[in-house]
Amino acid sequence: MDEMEKMLKEINVEETLKEIDENIDFEELDKEWARNLDELDNLWSDNIRELSK
C-alpha cells in the first residue's frame, strides 16, 4: 500500500470516528446510566431485605 493510500485510510477513519462521536448523545447516556444504577441499587436493596427476613 503506498503512502497516499495509507494516509487517505487514516483520514477516513478519523472522519468516521468524529461523525460517530458527534452522533452520540452523551448527556442522554449519562442519564440512562444513572437510571440503571438507581434501578440496580433498588434491586439489591430489595434482595437484601428479602434475605434478612
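- Interatomic distance, R35 CZ to E39 CD, rounded to the nearest 0.5 Å: 10.0 Å.
- Chaining together hydrophobic side chains whose heavy atoms lie under 4.5 Å apart places I24 alongside I20, F26, L29.
- At least one donor-acceptor pair closer than 3.5 Å links the side chain of N23 to the backbone N or O of E19.
- Salt bridge absent: E14 and K18 never bring a charged side-chain N and a carboxylate O closer than 4.0 Å.
- Between atom CG of residue N42 and atom CG of residue L37 there is a gap of 11.0 Å, rounded to the nearest 0.5 Å.
- In this structure, CG in D46 is found 11.0 Å from CG in L51, a value given to the nearest 0.5 Å.
- E50 meets the side-chain contact (heavy atoms from CB on, under 4.5 Å) test with K53; sequence neighbours excluded.
- Residue-environment remark: CD (E27) stays at or below the threshold of 12 foreign heavy atoms within 6.0 Å.
- Taken to the nearest 0.5 Å, the CG atom of L17 stands 11.0 Å off from the CD atom of E22.
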